[in-house]
2 protein chains.
Amino acid sequence: MVDLLRDLRLAIAMHSRLDLAFAALADPTRREILSMLLEDDMAVTDVAEPFEMSLAAISKHLTILTRAGLITQEKRGRVKWCKLEPDAMREASVWMQGFGQFEPVNLDAFEAYLAELGLATDR
Amino acid sequence: MVDLLRDLRLAIAMHSRLDLAFAALADPTRREILSMLLEDDMAVTDVAEPFEMSLAAISKHLTILTRAGLITQEKRGRVKWCKLEPDAMREASVWMQGFGQFEPVNLDAFEAYLAELGLATDR
DNA sequence: CAAAAGGTCAACCATTTGGTTGAATATGGC
DNA sequence: GCCATATTCAACCAAATGGTTGACCTTTTG
C-alpha cells in the first residue's frame, strides 16, 4: 500500500518532469538558446542579444529552461551565468527511444543537421 | 540566393516540425496514448476508453499527434485506426542527442521505466 | 556617492490550450 | 429504412503561454 502510493507519486512526478522538459523544448526560442549554450556558458544579457524580444522575455524563457532542469543558472557578482545541463535531456531521450530503436546518432550527423539549419543556429 | 531561401524555408519548416513534435509530447495524456499505441493499433473509441475525459477531447489529442506526425490515422469503415509512427520521433531524438552523447538505450531499461510508471501505463 | 549595468518583478494583453457539451455526419447491422 | 455506433464539429469556457512595459533591486564603476 505504501509502495503503491510511492509509485503513484513517482509516476506523477515523472509525468510532470517530462511535461516540463518537453514543454520547454517545444518553443523555438528556447531550443535556440540551448543550441547557443552548447558552445559555451553565457550571461543572461548575452543570451538575449541576438533575439528581437525584450530581456524580460528571455529571462522568462531561461526560468522555464531552469525549472525543466535543462540549464542551471549561477549568479556571480551582478552577472547570472547560464549553463547547459545535458543530463536533464537524457530522461526525455530515454522516453523517446522506447519508440523504435534509433541507431546511435553520431555527432557528425548532428552537426550536419545544425549546418542545414543554417541561419537559425549559425553563430 | 535560391539556396538561401530554400535553407530558410527548411529552417522554418524544421522549427515548426520540432515545435509540433515537442508540443505534442508535452502533454501526459498524449504520451500515454503513444504508449498505448506501442502495443497495437487502436480505434479512437478504444484509445479513449481508459481516460476520464470525453471522446471529443481524445479526438482532439489524436489530431494533435497526427499533425505532429507521431501517429497516422486511417479510416476503415466507420472506424478510424490510429497507428504509431515511430519515425517521426527520430528527428526530435536526433535534435536532443546533440546535447551530450547518451549511451544507446536498451529496451530493458525502457521496459523497467514503463514498469516503474506502473498505474499510469499498466494496461 | 552617483550613475550605469545586469536582471527580475508585476501588471497587463492577446493568443493558444485543453477541456466541456450538444448537434451533426458517416457507416454498419437488423 | 431505421437505429445504433464511431467520430468529428462548433461553440463555448477557464487557465496557461509568450510577449510587452515600467518600476525595482543589486552590483560594479568612475
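A note on names: the letters A, B, ... follow the listed sequences, proteins ahead of strands, and every chain is numbered from 1. What you see below is based on every heavy atom in this structure, not just the backbone, and it leaves out hydrogens, waters and symmetry mates.
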What range of DNA chain D does chain A touch, first nucleotide to last, counting atoms under 4.0 Å from its heavy atoms? D/dG18 to D/dT28
A/Ile64 CD1 - C/dT8 P separation (whole Å): 13 Å
Return the 5'-most residue of the pair B/Gly77, A/Val79 with respect to DNA chain C, ranking by each residue's nearest nucleotide. A/Val79
Has the side chain of A/Ser16 got a donor or acceptor atom that lies under 3.5 Å from a matching backbone atom of A/Asp19? no
Rounded distance (Å) that lies between atom P of C/dG6 and atom CD of A/Glu74: 18 Å
Using whole Å, report how far CD of A/Gln73 lies from P of C/dG7. 9 Å
Does B/His61 reach the side chain of B/Phe51, with side-chain heavy atoms less than 4.5 Å apart? no
Sidechain N-carboxylate O distance under 4.0 Å for A/Arg30, A/Glu32: no
Interatomic distance where CD1 belongs to B/Ile58 and P belongs to C/dG19 [whole Å]: 8 Å
To the nearest angstrom, how far is A/Met53 atom CE from C/dG7 atom P? 17 Å
Students often get this wrong, so: under 4.0 angstrom with heavy atoms, is A/Arg76 touching a base, only sugar-phosphate, or nothing? nothing
With nearest nucleotide decided by heavy atoms, which residue, B/Thr45 or A/Ala23, maps closer to the 5′ end of DNA chain D? B/Thr45
Nearest whole Å is fine: how far is C/dG29 C1' from B/Arg78 CZ? 7 Å
Within-4.5 Å side-chain heavy-atom neighbours: A/Trp81 and A/Gln73: no
Take A/Arg76 and A/Glu74 through the test salt bridge (Lys or Arg N to Asp or Glu O under 4.0 Å) and record every step on the way to the result. CA-CA 6 Å; A/Arg76 283 203 295 274; A/Glu74 184 196 354; 3.1 Å; yes
How is A/Lys75 classified with respect to the nucleic acid when contacts are heavy atoms under 4.0 Å: base, sugar-phosphate, or nothing? nothing
What is the distance from CG of B/Leu55 to P of C/dA23, rounded to the nearest Å? 17 Å
Does a side-chain N or O from A/Ser59 land closer than 4.0 Å to OP1 or OP2 of C/dT8, or not? yes
Contact nearer the 5' end of DNA chain D, comparing B/Lys60 with B/Val44: B/Val44
So, A/Glu91 and A/Arg17, do they make that salt bridge, N to O below 4.0 Å? yes
Here the distance between atom P of C/dT8 and atom CG of A/Leu65, to the nearest Å, is 13 Å
Would you kindly confirm whether A/Leu38 and A/Leu62 end up in one hydrophobic cluster when ILVMFWY residues are joined by side chain heavy atoms under 4.5 Å apart? yes
